[in-house]
Amino acid sequence: MAVYFHGESSNFHLSNDRISYILTVLRNGHLGHLYFGKKLPDRESYNYLQEEALRPMSSNPYEGDRKFSLEHCLQEFPVYGSSDYREPAVEIRLQNGSRIADPRFYSHRVYTGKPILEGLPATYTESSDEAETLEITLLDSVSGIHFILSFTIFRDYDVIARSCKICNGGNEPVYIERIMSFTLDMNDSDYDWIQFSGAWARERFPEKHRLHKGIQSISSTRGHSGHMHNPFIILKRPSADEHQGDTFGFSFIYSGNFIIQAEVDTYGTTRTQMGINPFQFSWLLKPGETFTSPEGIAAYSPAGMNGLSGIFHRLYRKRLARGFWRDRERPILINNWEATYFDFNEDKLIQIAEKAHSAGIELFVLDDGWFGSRRDDTQGLGDWVADRGILPDGIAGLSRRIEEECGMKFGLWFEPEMVNKKSDLYRNHPDWILQTPSRKSCHGRHQFVLDFSRKDVVDYIYNSMAAVIKDSRISYIKWDMNRSITECYSTAYPPEQQGEIFHRYILGVYDLYNRLTTEFPHILFESCASGGGRFDPGILFYAPQAWTSDDTDAVERLKIQYGTSFCYPLSSMGAHVSITPNHQLNRNTPLSTRGNTALFGVFGYELDLNRLTDTEFREVKSQIEFVKKHRKLIHSGTFYRLLSPFKGNEAAWMVVSEDKTKAIVGCYKILNEVNEGFKRLKLQGLDESRLYKINGKETFSGAELMAAGLVITDLLRDSVEQEEAGADFQSEIYVLNAQ
């Protein structure tokens, strides 16, 4: 791992044992990009990769020189209007109305470790020898603005982490109207673009198309990253697949409005960018002030999409998630929501908890409905005081009973960013919601969005939540968020700063998360946004796991968890067994398949175990024993996707221990088939030279299992008892142990 600087060529080379990232100072002082990919040996100059040619109808910065044009240069921090007509990385509006910038190389420094982004989530290091950072300062001499670009290369992770600080060193205020955290110019466009899109209850479905001329993008303008598009894309060579080929991943560590786009020009070059969505964004930057962009991550793998996923899984599991729960085994929980909804009292909750404890469940979570006048979803939200009519001794009393009488830890649901109009909070502070003067405000799920751009609002919610936590025995918090932002206007800010509110809102969310996780470090936070509406890297910095989707149907979860796994580790995916018929699809699936799907995530239950038959309850106990035995492997091993539920009637995946001595394979058949052919499943990640015993029975070599495959025809056909669910929705788990 090193950052090399060659003064004569003005080349910077960031490299570890597997990748290289090379940039240069162009002859006009702007930063040029030369290479990102497989490791290259260091040399004095790679400037031959930055070609110049006379192209008709180009604009040229130097009079008489028709070869040099920014329109045809690969760049690191491009600007618009000075011979480059593509989308820029930055746009600054000066007091005279000009949007022209000229960021020229001013200085650089290299240091060990990685800087903290104040107020923002970001990857981190735990020792200085884990990473090196290149910091390049660019200066626009007319405005006095400094652009400080930070590039970090890690020793153990094949990624480049990048962010930008904009410092106003001039005498006049300016407006930032666009800032991309990462720009990567690539010299060709022979790539497939893969995005992860959907909607509520069908989040992060992969969609693929060839890059084409023009701009293709995903984005959010909802105030959060959203169910519709995840802030992550893959660019892969058309010949690359899950197991081989060049792949590039772009992930944005941010939870608000974002954009990730690829612009292919008519010469076939590709400009990939990610950053805060410039739609309705502006930031007033006064003299002496600094603005910091969120962090963008770009990764490269020559080992296909599974290889790329492994890079992100390891990085986000170890150097994005943090704190007490990062490396600990996550408790198996039961949540009362689908068991009771709003219809519960303390005795009913205790009955559910007692039965859960007898099955081996470790954590009881009380969901919505415990506070204020919350009899349904039209009222009470924002009043974080227990309803003594259903909880006579409040959360303190219930949590004590759960721990002392039921022998379980206690968890609690909050939705801190929202308020109902039928609440004491709104009646006392009607100006605390985001709302545009003289215009009607939309509601979502009968609720309105609190103005988290205001410190006094965040302070109030913090004090309300902290009071409950301090008075009770709380080990887990489910942080929900059930609607997007509309009418994004804050009465606390002047007109010229209204373009800041979307971003300031997310900074307020991060501030509240940071204060709570700092004061209560042993509480496990799980983020939720009506399911997967804010499943992004920014939130994983504060909450190491997230509710993957409100859709708990086992068959649909195959798709949701499969798509999510392209970027996010299994340790981040909340995955629960729910009742049948399923409450989202009304589908009946076997209890075994519900468990076998949820197994590959952070495991839990969303049902009342008292309503199960004796046979079903014994199966639940068996599932829990299995999870406790194998959860460390599942959450820390290397994950491989084997068969896509989007492409056929079967789905399969597996996880392998770091030392390759253990593996668990999940295989799923969606619908029964008549007179079907033979099936083999080729495994991945094993040691070719080892012998593996499967489910304590037959033994095969790793070479056989990966090259010839595991025969799954009869095992799938016979895996489910006919009296339980017929032949549809079958599944099987294979446990491999090296001999």
Within the side chain of [X], is there an N or O that forms a donor-acceptor pair under 3.5 Å with the backbone of [Y]?
X    : Y    : value
S423 : G380 : no
N257 : R222 : yes
Q545 : S571 : no
T517 : N514 : yes
D383 : D424 : yes
E177 : P278 : no
N610 : Q351 : yes
E415 : N482 : yes
D367 : N336 : no

> Taking all atoms of both residues into account, what is the closest heavy-atom pair of D343 and K348, and its distance?
Replying inline: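 Heavy-atom minimum between the residues: O-NZ, 3.1 Å.
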
> Can the ring centroids of W337 and F342 be said to lie less than 6.0 angstrom from one another?
Replying inline: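 Judged by ring-centre distance (under 6.0 Å), W337 and F342 do meet the cut-off.
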
> Would Y542 and F525 count as a close aromatic pair, with their ring centres under 6.0 Å?
Replying inline: no

If you measure only the distance, is there a donor-acceptor pair under 3.5 Å linking the side chains of [X] and [Y]?
X    : Y    : result
E203 : S549 : yes
E417 : Y505 : yes
R594 : N582 : no
T564 : R204 : yes

In the structure I gave you, are the side-chain heavy atoms of [X] and [Y] within less than 4.5 Å of one another anywhere?
X    : Y    : answer
L612 : K355 : no
L363 : R330 : no
T221 : S484 : no
T340 : I352 : yes
I477 : L516 : no
F312 : L320 : no
S293 : I276 : no
N277 : F258 : no

Could you tabulate the donor-acceptor pairs under 3.5 Å formed by side-chain atoms of residues 225-234, not counting sequence neighbours?
{"unit_1": "S225", "atom_1": "OG", "unit_2": "D536", "atom_2": "OD2", "d": "2.7"}
{"unit_1": "H227", "atom_1": "NE2", "unit_2": "A529", "atom_2": "O", "d": "3.3"}
{"unit_1": "H227", "atom_1": "NE2", "unit_2": "S530", "atom_2": "O", "d": "3.0"}
{"unit_1": "H227", "atom_1": "NE2", "unit_2": "G533", "atom_2": "N", "d": "3.4"}
{"unit_1": "H229", "atom_1": "ND1", "unit_2": "S197", "atom_2": "OG", "d": "2.7"}
{"unit_1": "N230", "atom_1": "OD1", "unit_2": "Y568", "atom_2": "OH", "d": "2.6"}
{"unit_1": "N230", "atom_1": "ND2", "unit_2": "F535", "atom_2": "O", "d": "2.7"}

>> Going by side chain to side chain contact (heavy atoms under 4.5 Å, CB included), D451 matches just one of D431, L434, V458, I433. Which one?
In response: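 Answer to the side chain to side chain contact (heavy atoms under 4.5 Å, CB included) test with D451 among D431, L434, V458, I433: L434.
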
>> Can you classify the ring geometry of Y124 versus F541 as parallel (below 30°), tilted (30 to 60°) or perpendicular (above 60°)?
In response: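 Ring orientation of Y124 relative to F541: perpendicular.
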
Can you confirm whether more than 12 heavy atoms, excluding those of [X], are under 6.0 Å from its [atom1] atom?
X    : atom1 : result
R322 : CZ    : yes
E404 : CD    : yes
R375 : CZ    : yes

Starting at [atom1] of [X], measure out to [atom2] of [Y] and round the result to the nearest 0.5 Å.
X    : Y    : atom1 : atom2 : answer
M180 : E91  : CE    : CD    : 10.5 Å
R326 : H635 : CZ    : NE2   : 15.5 Å
F600 : M573 : CZ    : CE    : 11.0 Å

>> Against Y513, only a single residue in F452, W479, F414 fulfils ring pair (Phe, Tyr, Trp, His ring centres under 6.0 Å); can you say which?
In response: W479

>> Please determine whether salt bridge (charged side-chain N to carboxylate O under 4.0 Å, His left out) holds for the pair R515 and D459, giving the CA-CA distance in whole Å, both sets of side-chain angles, and the decisive distance to 0.1 Å.
In response: CA-CA 10 Å; R515 290 159 74 176; D459 287 346; 2.8 Å; yes

So is [X] actually on top of [Y]'s ring, under 6.0 Å and inside 45° of the axis?
X    : Y    : answer
R557 : W547 : yes
R473 : F410 : no
R178 : F281 : no
K409 : Y476 : no

>> The test is salt bridge (charged side-chain N to carboxylate O under 4.0 Å, His left out); show your working for K559 and D551 and say whether it passes.
In response: CA-CA 11 Å; K559 296 178 180 178; D551 189 345; over 6 Å; no

>> Which residue in the set E338, H576, Q623 passes side chain to side chain donor-acceptor pair (under 3.5 Å) when paired with Y605?
In response: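 Of the listed residues E338, H576, Q623, the side chain to side chain donor-acceptor pair (under 3.5 Å) partner of Y605 is Q623.
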
